[in-house]
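Read the structure below first, then the notes.
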Amino acid sequence: MTNLFDIPADPAAGGHSGLSAAPPGGARPNQSEPHGRTAESEALLAGLNPQQRAAVEHRGAPLLVVAGAGSGKTRVLTRRVAYLLAAGGAHPGEILAITFTNKAAAEMKERVADLVGGRARAIWVSTFHSMCVRILRSEAAHLGIKTTFTIYDSADSMRLVGMVASDLDLDTKRNTARALAAAISNLKNELIDPATAAERAETDIQKVTAEVYAGYQARLRAAAAFDFDDLIMQTVGLLQAFPAVAEHYRRRFRHVLVDEYQDTNHAQYTLVRELVGGTTPDAGGPGAAVGVAAHLPPAELVVVGDADQSIYAFRGATIRNITEFERDYPDARTIMLEQNYRSTQNILSAANAVIAGNTDRRAKSLWTSEGSGEKIVGYVGDNEHDEARFIGQEIDKLVDDTACRYGDVAVFYRTNAASRAIEDIFVRTGMPYRIVGGVRFYERKEVKDVLAYLRAVANPDDEVSLRRVLNTPRRGIGDRAEAQVVIFAEQERIPFADALRRVDDIAPLLATRSLNSIVSFNRLIDGLRSLVSDGGDPADLATAVLDRTGYRAELEASDDPQDASRLENLEQLVTVMREQAEMLIAARQAAAEGEAEASATDEEVGALAAESALLAAQLDGQQMLTGVLEQLSLVADADAVPDSEEGVVTLMTLHTAKGLEFPVVFLTGLEDGIFPHMRALGDAKELAEERRLAYVGITRARKRLYVTRAVTRSSWGQPGSNPPSRFLDDVPDEVVDWRRLIENVPFVDRDDDFFSSRAIGSGRSSPVSASRFGDRTPQSRFGDKMPPRGPATRGGGVGSKPPLELRKGDKVSHDKYGLGTVKIVDGVGVRATATIDFGSAGTIRLMLIGGVPMVKL
DNA sequence: GAAAAGGTGCTTTTT
DNA sequence: GCACCTTTTC
């Protein structure tokens, strides 16, 4: 397959698809004067404070809006977009607004539409990734790539890295693949290509990484696939390699707005620069815009962000983009929004105090005119179950006693795994709740299996997907058979899929069963492809996959209750695909109408719009399938949608919570080792990011904030104890009402005494002195008995339990097999085994090491 | 080759 | 405590 940038000549202008059509008249004067004050423009400025107003009205030079949490930055962005149309004389097709999540994009689009009506349809509001996909598809012909390319998520990437590593005879443990994939991702975020990575590699690890990276990119190209980082990196490469293409987009987008700018990584930063045009202070350096026609002034750039809310450094985001904005764009202006319209003063005081713990930040202090509000409520549970119980009780109390509805409440935690304890209680007490994120729908095995079929059908080169489904459901094509095909493909230097087609050539090397299975697998795929070419829609195709592969039959035949829910998931997948297909058609129509409307005079609008909408809707089966698969890859949060749905408590990680707000927020697991996370404790930079995460969490709350922790918490199946989070120390005492406050004691490793500290007043004797807040001076509320900071102390493990001592004839009860009689005992100590007759469950030989789920009766 | 038992290592966070 | 991987057994 041709490499992306092999094409030597600059593509001729005019080859772009309809979606990138330039607005009539080409570039417009950049600093167009406002049309003066009209009723419409006045209305758009109404209700804004002076800073917000300045940001909305600002024209010309690049603008950085430093906005604190809850200061109405989304409002400013949407108003600005509307204002550009109403008072700035901007053309809707000239506006590009980039957000980080699809949800944010959808919301902004909706709000702008509320303000300016149908004109909003021609505005590009998009995430970085969706935008890049659209650009790459439009320019596919120039790049020597197919428009049917597949998008690999991180799991697919890891699989591919694993395949490359095994090609190179490297250790292919999962951890290795994960580390390599992360290293490659970092390189891509820094816009470093494999050749450069190899040049710069000094350590052995870097050399290996560069080698795998090169093989990985080759495999991606061969599979006609892009990973998430690729989407950005290759788009940047495209704009840099083809000045005419870059200029085309610069002419088109005269207003570029970026939300959540603090979360951009280097590649995204460069992409913005390329789209905006203009020059850099250190021209020629990395990120310098190339080939800008002298007569084309840079687009108007407005970025909005809050360095204190940067929580994605782990995926390459760099605050430098926001802190150095004025250096990057020397004529830039900065506007600060500090007034908060979301939270009470108590909550803001806590947020300010916590974030103040970070040095090296631009001082910023949120304030509100709303008054202090309720105190923050604190609670220390004996363990995570007690913590969860308190949360459940408190929510019920709020709903019963106040105007609060379940939908007003959110519970945040640091890691997805932490949701379990809370869920347990909620399920048991019948609390209505929903989890956002976590084990995502699209990450479930059965869903990925079916999607892999669809991808393999849509993109014949997609080796990762093809090999995933080759023996799913099991049809007798085992590792040996697959390996033979791989070897044959290497010998003949043909793609895996082609080797599979020529299975007859290696028939002698295969078991008859494998051979037959491969032949019928080929037929299966052919059949599915013809379904697509006959114009079948993606949902029908998914149904056909379920029927023809026997996937559905296998699940239906199973009596495992998990398989029943798998079936439900698959049904839901088919439904989602049907909806997506409809949305795709609707979106095409809307875009086409928008384009038509934007480029036509009023009289022509109706006819033209209708005509192009009809054209756009004429998607063939292949386009439809590609489009739907793309949606599913990019819109991974389709099952998110908290939308403050009536009557449902929302559970999510702190990262997912960004950009949202709730009247009532529970911040859980405030323990050193949990939040801040153990992995961050040793590293000042990571600790600073954890602190920002705490700041994000606190500032989600509008009226009431709860902070909770647990003295003991089980993780990895073992109980342990964590000191209180250092973030709690920073919260001023006068804004917190501690409902229950107990001290930690050094963890005691005794099976019968896990919970060795108790609250005063619990009615039981306490091994240590504990205190309620209020019994002491606030400053010393944790006294000097606080255990030293550091990783959690751990209790004894399974292995420390004594082995089970059995003799022939003993009766036992096993958790899984039930009652049994010992028949034979072999070996001594940890090597001892027993052969036990479990009656109808069979006769089984078991090891007797400690922790075996069996007791002697 | 499939099924099942045993072993291993895991937990950041996500577009 | 769990999911996933490896080994064992039929």
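Throughout, a chain's letter reflects where its sequence line sits, starting with A, and its residues are numbered from 1.
Put simply, the side chain of A:N265 does not reach to within 4.5 Å of the side chain of A:R315, judged on heavy atoms.
Contact check, A:R178 against B:dT11: a side-chain N or O comes under 4.0 Å of OP1 or OP2. At the phosphate of B:dT14, neither OP1 nor OP2 sits under 4.0 Å from any side-chain N or O atom of A:T101. In this model, the phosphate group of B:dT14 is approached by a side-chain N or O of A:T656 to a distance below 4.0 Å at OP1 or OP2. Between B:dT13 and A:N416, a contact under 4.0 Å exists linking OP1 or OP2 to a side-chain N or O.
Figure legend: A:R691 and A:F727 shown without cation-pi pairing, the cationic atom not lying both under 6.0 angstrom from the six-membered ring centre and within 45 degrees of its axis.
Considering only the side chain of A:F228, B:dT15 comes nearest among B:dG1, B:dT13, B:dT15.
Atom C1' of nucleotide C:dC4 and atom CZ of A:R468 are separated by 13 Å, given to the nearest angstrom. Nucleotide B:dT13 holds its P atom 7 Å from the NE2 atom of A:H677, rounded to whole Å.
Both distances falling under 3.5 Å, in either a Watson-Crick or a G-U wobble arrangement, occur for no nucleotide opposite B:dT15.
If you check every strand for non-hydrogen atoms under 4.0 Å, A:E686 touches a base.
Using modelled atom types and a 3.5 Å distance limit, the side chains of A:R273 and A:Y269 yield a donor-acceptor pair.
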